[in-house]
Number of protein chains: 2
Amino acid sequence: MLNRTKYKNSTRDFVYEALRDAIVSLELPPGATISEKEISEELEVSRTPVREAFLRLTEDELLTVLPQRGSYISLIDLDHVEDARFLREQAEAGIIRLACESFSDSYIEKLEKNLKYQRFARDNDDENELFILDKAFHRLIAEGSSKSRVWEVIQKVDTHSNRLRKLSLAMKLNWKKLVDQHEEMLSAIKAKDSDLAEKLMRNHLALLIYDQKALKESYPDYFK
Amino acid sequence: MLNRTKYKNSTRDFVYEALRDAIVSLELPPGATISEKEISEELEVSRTPVREAFLRLTEDELLTVLPQRGSYISLIDLDHVEDARFLREQAEAGIIRLACESFSDSYIEKLEKNLKYQRFARDNDDENELFILDKAFHRLIAEGSSKSRVWEVIQKVDTHSNRLRKLSLAMKLNWKKLVDQHEEMLSAIKAKDSDLAEKLMRNHLALLIYDQKALKESYPDYFK
DNA sequence: TCTACCACACTACCATACAAGTATGCTAGT
DNA sequence: ACTAGCATACTTGTATGGTAGTGTGGTAGA
């Protein structure tokens, strides 16, 4: 794993971020067992900060701890994924309505710039970059509507979906139409058409039910 | 504080629940300083589980920890309250739409029973009971729509509002019209009128901006 | 061969000791 | 009288030792 010095001040945060990144990137796959001692030796820290990181990961539902038995990376629970997706749809529907009501020119520009890069990434089949730009696009809409904190909360409960997205990336699923949808959404915001914007957003996020079935069949061990 | 034996298995959960209840009930008021050592002596446990409870409370934004300096109960941040309210409005608007589409008779009955008690509590000026019944009412709608987990998530981020509600209880603010609104909502669900139900829910939750101003003036030390 | 039992290795949980940063008040020097 | 600086008593952060519960593999006995 990475070197400690490039991280935050506290050892706890270092361990937490290292583990979370490893889990979300599937470097530590769902179902893998890990122990406090093992990680503490690997990262060359004591068990205390590792334990505290474990607690936070448990809260994020990325880790499952069985007292006196062991811990393992949580399996992806499609019910949880759907609940997170539902919450996200409701939240972002409300947010994009706000965006239609009041959105500064500077944020319009930021979105346009982001979209330009999205098109570029799409034309170059750079799914990884598209993944990042997609996230940034939605974040910008929330930011411009002064709802950054809401967006952060959603992100927090959306970790399971993030792992799914990583899987769908690996399987090269449909990432193309995404850009078109984003463009339509930006047009709606510019036209201040709240109803249309909300509808587009809901359709867009409904698609996040990717090919859950296909993914589950390809990686059965990763699912609950 | 309470005896340990009546709580869950782990010491950590015992400490966490004891502190969280004390904070939300305002027994530990915003701004009050507490230390790991102090709590560990009071509850007669070691510092480790106390510390772990502190970490969880920090994640809930109920506690603020300043390394090497001290910890204090977080002040109520009205911006955070509004963000949580916004998220709750979006979520419950979506949930009540679901309720209009599919809601079993048994849950209709449960809501009716709950409302009966609400009327009783209102007529007896029992604000405390009304507080509990209000919570249960909303929870029932989520449960009946198979969105319990979403409701739990909302609850988790809504802790600041809960403290506000406790304050407004103390000030005997308007708790009467609440029952009427709930009755209208149930009627809309029965009539399967999604649009009306959603509108009612949004209006209802918009009111949760109580008299924030009045509260802030009455308890200035509790706010950020 | 099968089963009951036990020793052992493993886990997370909790207690405690030590380290390091911070605030405060006293004291010595001006 | 005032200030710089240090001792001290706090705080949280980290390390480590011991405890109790759990799974496993081997062994003795039928």
Side-chain angles (χ1 to χ4, degrees), chain A residues 1-20 22-23 28-75, chain B residues 1-20 22-23 28-75:
Chain A
M1 300 215 186
L2 289 160
N3 194 304
R4 164 176 188 168
T5 50
K6 71 186 283 282
Y7 275 87
K8 293 236 181 78
N9 13 25
S10 83
T11 311
R12 169 172 69 244
D13 290 342
F14 157 66
V15 176
Y16 171 72
E17 290 178 20
L19 287 176
R20 192 201 51 200
I23 294 172
L28 281 173
T33 63
I34 60 175
S35 75
E36 296 175 358
K37 190 153 170 280
E38 170 197 345
I39 299 296
S40 74
E41 286 169 0
E42 208 165 312
L43 299 181
E44 294 179 324
V45 298
S46 82
R47 276 156 32 222
T48 302
V50 173
R51 182 176 166 70
E52 292 172 349
F54 271 36
L55 284 174
R56 288 182 66 184
L57 292 168
T58 301
E59 290 237 323
D60 297 345
E61 296 190 88
L62 290 176
L63 189 68
T64 303
V65 174
L66 305 172
Q68 270 72 31
R69 275 191 282 174
S71 310
Y72 61 92
I73 312 300
S74 299
L75 299 176
Chain B
M1 299 210 187
L2 290 161
N3 193 302
R4 165 176 187 170
T5 50
K6 72 186 283 283
Y7 275 86
K8 293 233 182 80
N9 12 24
S10 83
T11 311
R12 167 172 68 242
D13 289 343
F14 157 66
V15 176
Y16 171 72
E17 290 177 22
L19 287 176
R20 192 201 50 198
I23 295 172
L28 281 172
T33 64
I34 60 175
S35 76
E36 297 175 359
K37 188 152 170 280
E38 169 197 347
I39 300 295
S40 73
E41 285 168 359
E42 209 165 312
L43 299 181
E44 294 180 325
V45 298
S46 84
R47 260 188 62 211
T48 302
V50 172
R51 182 173 168 70
E52 293 172 350
F54 271 38
L55 286 174
R56 288 182 64 183
L57 292 166
T58 302
E59 290 239 320
D60 297 345
E61 295 188 89
L62 291 176
L63 190 68
T64 303
V65 174
L66 305 173
Q68 272 73 30
R69 275 192 282 177
S71 310
Y72 61 92
I73 311 298
S74 299
L75 299 175

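Predicted model, so just to flag it, every value in this text is computed and none were measured. In the text below, chain A, chain B and the rest are named by the order of the sequence lines, each starting its count at 1.
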Would you mind reading off the distance between A:Glu38 atom CD and C:dC10 atom P, rounded to a whole angstrom? 12 Å
Under 4.0 Å protein heavy-atom contacts per nucleotide of nucleotides 17-26 of chain D, with B for base, S for backbone only and - for none: BB-BBSS---
Sequence neighbours excluded, the answer for side-chain contact (heavy atoms from CB on, under 4.5 Å) partners of B:Arg20 is B:Tyr16, B:Glu17, B:Val24, B:Leu57, B:Leu62
Whole Å only: how far is the CG atom of A:Asp13 from the P atom of D:dT12? 16 Å
Measuring to OP1 and OP2 of D:dG13, would you say a side-chain N or O of A:Ser10 lies under 4.0 angstrom away? no
Under 4.0 Å between a side-chain N or O of A:Ser71 and OP1 or OP2 of C:dA12? yes
Please report, rounded to the nearest Å, how far the C1' atom of C:dC10 is from the CD atom of A:Glu36. 12 Å
Between D:dT14 and A:Thr48, is there an OP1 or OP2 to side-chain N/O distance shorter than 4.0 Å? no
Whether B:Thr58 side chain and B:Thr64 backbone form a donor-acceptor pair below 3.5 Å: no
Nearest-Å distance for atom pair NZ/P, residues A:Lys37 and D:dT16: 12 Å
Answer yes or no: is there a donor N or O on one side and an acceptor on the other, between the side chain of A:Ser40 and the main chain of A:Val50, under 3.5 Å? no
Separation of atom CD in B:Glu41 from atom C1' in D:dT11, rounded to whole Å: 13 Å
Looking only at side-chain N and O atoms, does B:Ser46 come under 4.0 Å of OP1 or OP2 in C:dC14? no
